[in-house]
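Notes for the one structure printed next.
Everything numeric in this text was worked out from a predicted model, so none of it was measured. We number each residue from 1, following the sequence as shown.
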Amino acid sequence: MDVRQRDVTSTVTIEPVPFEQKGVLRRLLQFYLYDFSEIEPENVRMGEDGEFPYRYLDHYWAPDAGEERHPYFIHVDGELAGFALVRQVNGVFVMSEFFVMRRFRRTGAGSRAAEAVFRRHPGSWIVQEVAPNVAAQAFWRTVIGSVTGGEFTEEQSPGGITQRFVAGTR
């Protein structure tokens, strides 16, 4: 059993991903999608080229009309530790993808990174988790509850869980 503790002494930062670092983000997405292939094996499959496709990567530097996209690297004490992909549509922010490397999980780094993203983008938010990803559901309930003082709604559907809340007003 993993016994890592929350490390409040480490510095957790989020930094926008510049276009020149898109290849680094693409490689990190491979780890994320590999992990996700265990959760949704029917929907996340490796291509014939040995890579997991992510069709929206280019959209983070060339968003569709009417939306904004914000890619972030997560760093822990200056070391690359994951990413957050945020989009904004119709004035609502959506956490499209969020990933923390395994060695940084259960240390508090993910919570602190998510909180930093919410602070960077105050306003209405949606976070969704697929039904089989129970660990993500627990993570997001805790983080969103902390950020909002418990003021959020949660909807269940056959596909998963959706939380709706406003960040940055506390």
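Here the straight-line distance linking atom CZ of F104 with atom CZ of F99 works out to 10.5 Å at 0.5 Å rounding. Taken to the nearest 0.5 Å, the OG atom of S124 stands 9.5 Å off from the CD atom of Q88. For the atom pair CD of Q128 and OG1 of T162, the computed distance is 4.0 Å after rounding to the nearest 0.5 Å.
For the residue pair E154 / Q163, a side-chain donor-acceptor distance below 3.5 Å is found, with atom types taken as modelled. Under the 3.5 Å distance criterion, with hydrogens and angles disregarded, a donor-acceptor pair is assigned to the side chains of E97 and Y32.
Taking all atoms of both residues into account, the shortest heavy-atom contact from I14 to A113 is CG2-O, 3.9 Å. Counting all heavy atoms, side chain and backbone alike, A131 lies closest to P158 at CB-O, 3.9 Å. In terms of heavy-atom proximity, G82 sits nearest to M101 at N-CG, 4.4 Å. For the residue pair G168 and P122, the shortest heavy atom distance occurs at CA-CB, 4.0 Å. Smallest separation of non-hydrogen atoms from V117 and A84: CG2-CB, 4.0 Å.
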Between R87 and H70, does a side chain to side chain contact (heavy atoms under 4.5 Å, CB included) hold up when you go through it step by step?
CA-CA 6 Å; R87 60 187 278 248; H70 307 276; over 6 Å; no
Kindly indicate, with the supporting measurements, whether the criterion salt bridge (Lys or Arg N to Asp or Glu O under 4.0 Å) is fulfilled by E155 and R164.
CA-CA 8 Å; E155 304 160 10; R164 297 175 190 277; 2.9 Å; yes
R119 and V147: side chain to side chain contact (heavy atoms under 4.5 Å, CB included), yes or no, with the steps?
CA-CA 9 Å; R119 280 192 307 276; V147 166; over 6 Å; no
Show your working on salt bridge (Lys or Arg N to Asp or Glu O under 4.0 Å) between E67 and R69 and close with a plain yes or no.
CA-CA 7 Å; E67 73 173 7; R69 291 193 183 238; 2.8 Å; yes
Is there a side chain to side chain contact (heavy atoms under 4.5 Å, CB included) between K22 and V24? Walk through the geometry before answering.
CA-CA 5 Å; K22 182 172 91 169; V24 176; over 6 Å; no
Using salt bridge (Lys or Arg N to Asp or Glu O under 4.0 Å), reason through R103 and E79 one step at a time and then give a plain yes or no.
CA-CA 11 Å; R103 70 178 285 234; E79 184 177 347; 2.4 Å; yes
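Contact of the V12 side chain with the E115 side chain is not registered, since no non-hydrogen atoms from C-beta on lie closer than 4.5 Å. F19 has its side chain out of reach of P71: every pair of non-hydrogen atoms, C-beta onward, lies at least 4.5 Å apart. Residues S111 and F139 have side chains in contact (heavy-atom distance under 4.5 Å, counting atoms from C-beta outward). Counting heavy atoms from C-beta on, the side chains of L25 and L85 come closer than 4.5 Å. Looking only at side-chain heavy atoms (C-beta outward), P16 and R120 come within less than 4.5 Å of each other. At a threshold of 4.5 Å between non-hydrogen side-chain atoms, the residues F83 and V100 do not count as touching. The side-chain heavy atoms of F73 and L80, taken from C-beta on, include a pair separated by under 4.5 Å. Looking at V89 and V94, their side chains never come closer than 4.5 Å, going by heavy atoms from C-beta outward.
The number of heavy atoms from other shown groups lying within 6.0 Å of OH (Y54) is above 12.
D77 places a side-chain N or O within 3.5 Å of a backbone atom of T11 that can act as its donor or acceptor partner. Checking side-chain atoms of R112 against main-chain N and O of S10 turns up a donor-acceptor pair under 3.5 Å. Looking at Q30, its side chain never comes within 3.5 Å of a backbone N or O of R27 through a donor-acceptor pair. Listed for the R105 side chain is no donor-acceptor partner under 3.5 Å among the backbone atoms of G110. At distances below 3.5 Å, at least one donor-acceptor pair connects side-chain atoms of T148 with backbone N or O atoms of I144. Counting only distance, with no hydrogens or angles, the side chain of Q137 and the backbone of V130 share a donor-acceptor pair below 3.5 Å. Of the possible polar contacts, none joining the N90 side chain to the V92 backbone as a donor-acceptor pair under 3.5 Å is found.
A continuous path of hydrophobic side-chain contacts links Y60 to V17 [ILVMFWY only; heavy atoms under 4.5 Å]. Connection of Y56 to L29 is established within a shared hydrophobic cluster, with ILVMFWY side chains joined at heavy-atom distances below 4.5 Å, either directly or through further cluster members. The hydrophobic clustering, which links ILVMFWY residues whose side-chain heavy atoms are closer than 4.5 Å, places L33 and F31 together.
The aromatic rings of F93 and H121 are tilted relative to each other, their planes meeting at an angle between 30° and 60°.
Evaluated for a ring pair (Phe, Tyr, Trp, His ring centres under 6.0 Å) with W125, the options W140, F118, F152 yield exactly one hit, F118.
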